[in-house]
Q: 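I have a structure I would like to understand better, so I am pasting it below and will then ask my questions one at a time.
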Amino acid sequence: MSQGTSQKKPGPLGMWNAIPLWQKILAGLVLGLIVGLVFGKSAAAVKPIGTAFISGIKMLIVPLVFVSLVSGVTSMRDPAKMGRVGIKTIVLYLLTTAVAITIGLALGTVMAPGAGVDMGAAKAVAPKAAPSLVDTFVALIPTNPIEAMSKGNVLQVIFFAILFGLAINMSGKPGEKVRDAFNALAEVIYKLTAIVIWFAPFGVFALMAWTAGTYGLDLLLPLAMVIVAVYLGCILHALLVYGLAIRAVGLNPLKFYKGIAEAATVAFTTTSSSGTLPVTMSCAQKNLGISQGVSGFVLPLGATVNMDGTALYQGVCALFVAQVFGVHLSGGDYVTIILTATLASIGTAGVPGAGLIMLSLVLSSVGLPLEGVAIIAGIDRVLDMARTSLNVVGDGMVATLVAKSEGELDLAVFNSGRDALGELEEA
Ligand code: ASP
């Protein structure tokens with residue numbers, strides 16, 4: 001502050017912007033919960049604000065994934081490094097997912113959420129068939145990249161973006177011009193993301209009010225034990241597994257949780273990890289100091305294939321259904337559930353309710369009655385909130401680990417506890 005200049009008092013907007021984003025989002029969440037519980041179903045009146053926010057962040061997904069991945073690949077010139085990042089990412093994703101489902105099974109066994117629950121008039125649900133691995137790989141290649149973008153097929157967009165980035169690297173001088181253009185474009189898209197994220201507290205408030213108003217306590221109480229088991233499992237997984245992993249690479253877990261908090265809250269209310277992706281990327285780069293190259297690759301992939309929360313939920317729900325219908329599961333059944341739920345969570349799209357559809361796959365793999373899906377369906381949104389948050393925090397954790405091990409993590413940013421809106425407010 002220079003002396004002699006009169007200091008202007010900040011207006012209401014300046015005061016609002018001075019509050020850290022995560023505090024505003026958290027306040028939106030709590031206020032939304034109160035409004036929803038007080039006003040019940042009529043709280044749905046504010047839902048359009050939430051829908052507008054979701055549309056705003058969804059609008060960013062394709063341009064953000066494409067542009068940041070292309071510019072990320074062009075900044076990682078060494079193909080061996082890209083290969084290493086890919087392998088580390090996949091191994092960490094699979095490992096954490098398998099641990100998550102084991103926690104889910106352990107909690108499902110210890111807490112027995114299905115004991116004493118009346119199966120009522122639940123109807124059977126048609127099982128979902130698992131796609132073959134070969135088909136899944138072939139489907140990664142878009143026949144038309146523009147169509148892949150217009151349909152929002154993130155895996156195909158990732159595939160095209162990586163090839164496009166590699167081609168830029170191989171094109172010499174003309175490629176350099178394109179690379180510079182993409183770097184500039186990436187900056188513009190990040191700014192656009194910051195503009196949309198500015199609205200997050202309002203969107204989170206509206207979505208929370210609507211959810212709490214729609215799912216009153218009456219609906220939730222009979223299945224309270226399932227809800228408690230899933231929430232407890234998600235919290236344990238986030239604290240123990242992620243906390244220890246972050247600590248193991250010499251970083252402070254508290255800084256990690258703070259840095260990823262905005263994405264976790266947005267995931268909690270939107271129940272879509274794909275939809276939350278722009279917020280997750282912004283947290284990773286601006287709060288956690290993860291490079292564009294690593295976050296541009298690890299996070300979009302994670303939003304579609306890494307679902308620790310979904311896997312954990314499937315473990316709890318499989319045991320819940322077994323208990324409700326009095327089916328005894330053998331040791332082999334547990335192993336089958338771990339394998340199927342890991343694969344099912346990879347095949348689950350990062351959209352609301354997708355995990356419930358995949359639950360039928362897990363149940364049918366060990367011959368559990370599919371009526372179980374119908375029982376869970378009544379409260380699935382509430383479970384989806386917790387599992388989607390964990391899905392997103394898990395993506396952020398893996399991105400942090402990979403970045404740290406590759407020297408792609410800016411420690412000064414990670415340790416500074418910066419806010420994702422910092423840049424927007426500085427502008
Ligand atoms: N809603 C979850 C997600 O987007 C997927 C699920 O339903 O489990 O991550």
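In each ligand, atom 1 is the first atom listed, and ligand 1 is the first ligand listed. Side-chain atoms are counted along with the backbone in the values below, which use heavy atoms only and exclude waters and symmetry mates.
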Q: Backbone, side chain, both or neither: what part of Met358 comes under 4.0 angstrom of ligand 1, heavy atoms only?
A: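 Within the 4.0 Å criterion, Met358 makes no contact with ligand 1.
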Q: Would you tell me whether Asn306 and Thr97 have side-chain atoms, one donor and one acceptor, within less than 3.5 Å of each other?
A: yes
Q: Is it the case that atom CZ in Phe39 sees more than 12 heavy atoms from other parts of the structure closer than 6.0 Å?
A: no
Q: Tell me the contacting part of Asn391 for ligand 1: side chain, backbone, both, or neither, using a 4.0 Å heavy-atom threshold, strictly below.
A: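 The answer is the side chain.
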Q: Which of the numbered atoms in ligand 1 are under 4.0 angstrom from any heavy atom belonging to Thr271?
A: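 What qualifies from ligand 1 is 1 (N), 4 (O).
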Q: Would Tyr313 and Asp308 count as having a side-chain donor-acceptor pair, cut-off 3.5 Å?
A: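 Per modelled atom types, Tyr313 and Asp308 side chains form no pair under 3.5 Å.
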Q: What atoms of ligand 1 come closer than 4.0 angstrom to any heavy atom of Gly355?
A: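 Numbered from 1, ligand 1 contributes 6 (C), 7 (O), 8 (O).
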Q: Would you kindly say whether Gln292 and Ser68 are connected by a side-chain donor-acceptor distance under 3.5 Å?
A: no
Q: What part of Leu356, side chain, backbone, both or neither, has a heavy atom within less than 4.0 angstrom of ligand 1?
A: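 Contact part for Leu356 vs ligand 1: neither.
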Q: Would you tell me whether Lys41 and Thr214 have side-chain atoms, one donor and one acceptor, within less than 3.5 Å of each other?
A: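 Result is no, nothing qualifies.
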Q: Which ligand 1 atoms, with their elements, are less than 4.0 angstrom from a heavy-atom of Asp384?
A: 1 (N), 2 (C), 6 (C), 7 (O)
Q: Check ligand 1 against Ser272 and write out every atom of the ligand that is under 4.0 Å from a heavy-atom position of the residue.
A: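 Going through ligand 1 atom by atom, the ones under 4.0 Å from Ser272 are 4 (O).
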Q: May I ask you to decide if the ring planes of Phe66 and Phe160 are parallel, tilted or perpendicular, using 30° and 60° as cut-offs?
A: parallel
Q: Between Leu319 and Tyr334, which heavy-atom pair has the shortest distance, and what is it?
A: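 Leu319 and Tyr334 have their closest heavy atoms at CD2-OH, 3.6 Å.
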Q: Centres of the Phe53 and Trp210 rings: under 6.0 Å?
A: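 Aromatic pair excluded; centres sit 6.0 Å or further apart.
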Q: Whether Lys24 engages the ring of Phe205 as a cation-pi pair (distance to the six-membered ring centre under 6.0 angstrom, angle to the ring normal within 45°) should be assessed.
A: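 The answer is no; the distance or angle limit is not met.
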Q: Counting non-hydrogen protein atoms only, what is the nearest one to atom 2 (C) of ligand 1? Give residue, atom name and distance.
A: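 Nearest neighbour among protein heavy atoms for atom 2 (C) of ligand 1, to 0.1 Å: Thr388 OG1, 3.3 Å.
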Q: State the atoms of ligand 1, each with its element, that fall below the 4.0 Å cut-off from a heavy-atom position in Gly350.
A: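 Answer, ordered by atom number: 3 (C), 4 (O).
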Q: Can you list the ligand 1 atoms lying under 4.0 Å from a non-hydrogen atom of Gly353?
A: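 Going through ligand 1 atom by atom, the ones under 4.0 Å from Gly353 are 7 (O).
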Q: Going by the closest heavy atom to atom 5 (C) of ligand 1, which one wins out of Asn306, Asp308, Val351?
A: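 Considering heavy atoms of Asn306, Asp308, Val351, the nearest to atom 5 (C) of ligand 1 sits in Val351.
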Q: I'd like to check which ligand 1 atoms, numbered from 1 as shown, lie under 4.0 Å from a non-hydrogen atom of Thr310.
A: 5 (C), 6 (C), 8 (O)
Q: What atoms in ligand 1 come closer than 4.0 Å to a heavy atom of Ser273?
A: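 Selected atoms, number and element: 3 (C), 4 (O), 9 (O).
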